[in-house]
Amino acid sequence: RVRVRGLSIYRPIIYGNTAVVLTQKEREALSSPDHTHRWTVAVRSAASAPDSDIVGGADDISYFVKRVTFKLHDTYPNPTRNVDKPPFEVSETGWGEFEIQIRITFVPESGEKAVLTYHHLKLHPWVAAGSGEPEIPPLDAAMKMGPVHSWQYDEIVFNDPFQSFLNILTAH
Ligand code: SLL
């Protein structure tokens, strides 16, 4: 296996979450009626829109990502969620914000170590500082403000990649 020395190649990704307030009806239908929000945490190509669910398109990262592991708060059943195909995301309901550990594992041909990052699950809308509004708006007000989005841009950099992996990357 030959490494291409001195070469760096990167792939732009976004990771983060969207969240919406559950309606009263939706809350009553849950086994946990204390849950107030439905949210989705995801890792996607930065070439995709945050809401897109397109699989196999130009924004599909599965040609170099083998698995994304989302480690949720311990209050969730089976908090370690492995996702082995796109869309690399987990949807849940809940009541609180917390830190989600995100581990991205690459295809075996890459010979690359997994990378670890964190995302603070955001449920509550941002309010301008000093606006006189409470920092966490009441649920009925939050519902009117629409879905909350919290996304971060990052670049996964592969240094001295294997020639075979470079071929995979550049073929997409
Ligand atoms: C907080 N430190 O106190 C955080 C913890 C935990 C969130 C938030 C429900 C889990 C479940 C849930 O939303 N946990 O019932 O399955 O705000």
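Positions are given from 1, in the same order as the sequence printed here. Both counts, for ligands and for their atoms, begin at 1 and track the order of listing.
Formation of a donor-acceptor pair under 3.5 Å by the Arg38 side chain with backbone atoms of Val20 is not found in this model. In this structure, Gln101 contributes its side chain and Leu72 its backbone to no donor-acceptor pair below 3.5 Å. The backbone N or O of Phe70 lies less than 3.5 Å from no partner atom in the side chain of Arg103, so there is not a single donor-acceptor pair. Judged by distance alone, the side chain of Ser45 and the main-chain N or O of Ala47 form a donor-acceptor pair under 3.5 Å.
Each of His35, His73, Thr75, Tyr76, Gly94, Trp95, Gly96, Glu97, Phe98 has a non-hydrogen atom positioned under 4.0 Å from some atom of ligand 1.
Val21 and Trp126 fall into different hydrophobic clusters, defined by Ile, Leu, Val, Met, Phe, Trp and Tyr side-chain heavy atoms under 4.5 Å apart, directly or through other members.
In this view, Lys85 satisfies the side chain to side chain contact (heavy atoms under 4.5 Å, CB included) rule with no residue, not counting sequence neighbours.
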